[in-house]
Amino acid sequence: MVQYSIQLDTAFAALSDATRRGILERLGRGDASISDLATNFEMTLTGIKKHVQVLEDAGLVTTEKVGRVRTCKLGPRRLEDEAAWITKYRQMLEARLDSLGEFLARTKGDES
């Protein structure tokens, strides 16, 4: 079995949820409080906090509490490793499709 880094697995797990991807998109436009995010996503504070915690565990979001307000912003991770993995996977698929195309071209005349 191929072993992938825990960091890669954690990031892909965090990105697998549409709400979490939406939170990242929202934070890309600027910092937001948990309350603001809850309102934008029509979700309870507890629900948003859970999503933010998953993103924070993956290093994609950071939070800071000042008084009673917890503010979220994009974290330090920029997903370079994940982008490199996707590129490598895409190249592998393209090579396999090229091989299939070559095989089909070679065997096309054998249909008689």
Side-chain angles (χ1 to χ4, degrees):
M1 176 181 234
V2 177
Q3 295 294 321
Y4 296 106
S5 77
I6 292 172
Q7 183 176 343
L8 193 69
D9 293 343
T10 303
F12 279 128
L15 295 171
S16 69
D17 183 85
T19 299
R20 291 191 288 268
R21 291 190 306 272
I23 290 170
L24 289 175
E25 288 178 21
R26 167 57 187 85
L27 294 177
R29 295 189 299 273
D31 300 353
S33 70
I34 293 285
S35 298
D36 291 339
L37 292 173
T39 300
N40 289 340
F41 289 93
E42 298 179 2
M43 191 175 285
T44 65
L45 291 175
T46 302
I48 283 292
K49 284 181 191 176
K50 289 180 180 180
H51 283 294
V52 167
Q53 184 62 55
V54 171
L55 292 167
E56 201 167 18
D57 291 345
L60 300 173
V61 167
T62 60
T63 63
E64 180 182 9
K65 188 170 185 177
V66 178
R68 295 178 55 174
V69 177
R70 181 169 295 280
T71 302
C72 306
K73 63 182 178 179
L74 291 178
R77 297 248 354 265
R78 296 294 179 239
L79 302 175
E80 288 94 358
D81 293 339
E82 293 76 9
W85 184 90
I86 290 168
T87 298
K88 184 177 175 182
Y89 187 77
R90 179 182 297 134
Q91 290 169 345
M92 180 208 47
L93 288 177
E94 288 172 356
R96 291 184 72 183
L97 286 173
D98 289 345
S99 294
L100 176 61
E102 292 168 8
F103 171 77
L104 292 174
R106 282 193 318 267
T107 59
K108 186 175 184 180
D110 294 343
E111 295 179 1
S112 308

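Values below: every heavy atom of this structure, side chains too, minus hydrogens, waters and symmetry copies.
- Leu37 and Val69 fall into different hydrophobic clusters, where Ile, Leu, Val, Met, Phe, Trp and Tyr side chains are chained together by heavy-atom contacts under 4.5 Å.
- Connection of Leu8 to Met92 is established within a shared hydrophobic cluster, with ILVMFWY side chains joined at heavy-atom distances below 4.5 Å, either directly or through further cluster members.
- Hydrophobic clustering (ILVMFWY, side-chain heavy atoms < 4.5 Å, transitive): Phe103 and Leu97 are in distinct clusters.
- Here Asn40 contributes atom CG and Glu25 contributes atom CD; the two are 12.5 Å apart, rounded to the nearest 0.5 Å.
- Cluster membership for Leu93 and Phe12, using ILVMFWY side-chain heavy atoms within less than 4.5 angstrom, is shared.
- Counting heavy atoms from C-beta on, the side chains of Thr62 and Pro76 come closer than 4.5 Å.
- For the pair Leu60 and Leu79, the minimum side-chain heavy-atom distance is below 4.5 Å.
- Between Val52 and Cys72, the shortest heavy-atom contact is CG1-SG, 3.9 Å.
- Hydrophobic clustering (ILVMFWY, side-chain heavy atoms < 4.5 Å, transitive): Leu15 and Leu27 are in one cluster.
- Residues Arg20 and Leu24 are not in side-chain contact: their nearest non-hydrogen atoms beyond the backbone lie 4.5 Å or more apart.
- Minimum heavy-atom separation, Ala13 to Ser16: O-OG, 2.6 Å.
- By the 4.5 Å heavy-atom criterion applied to side chains, Glu82 and Arg77 are counted as neighbours.
- Looking only at side-chain heavy atoms (C-beta outward), Trp85 and Lys88 stay at 4.5 Å or farther from each other.
- The side-chain heavy atoms of Gln53 and Asp57, taken from C-beta on, include a pair separated by under 4.5 Å.
- Taking each heavy atom of Ala58 and Ala14 in turn, the nearest pair found is CB-CB, 3.9 Å.
- Taking CG from Leu45 and CD1 from Ile48, the interatomic distance works out to 8.5 Å, rounded to the nearest 0.5 Å.
- By the 4.5 Å heavy-atom criterion applied to side chains, Ser5 and Asp81 are not counted as neighbours.
- How far CD1 of Ile23 is from CE of Met43: 7.0 Å, rounded to the nearest 0.5 Å.
- Between the OG1 atom of Thr71 and the CD1 atom of Ile34 there is a distance of 8.5 Å, given to the nearest 0.5 Å.
- Atom-to-atom distance recorded for Arg26:CZ and Leu74:CG is 10.0 Å, nearest 0.5 angstrom.
- Note that OG1 of Thr107 and CD of Glu102 are 11.5 Å apart. Values are rounded to the nearest 0.5 Å.
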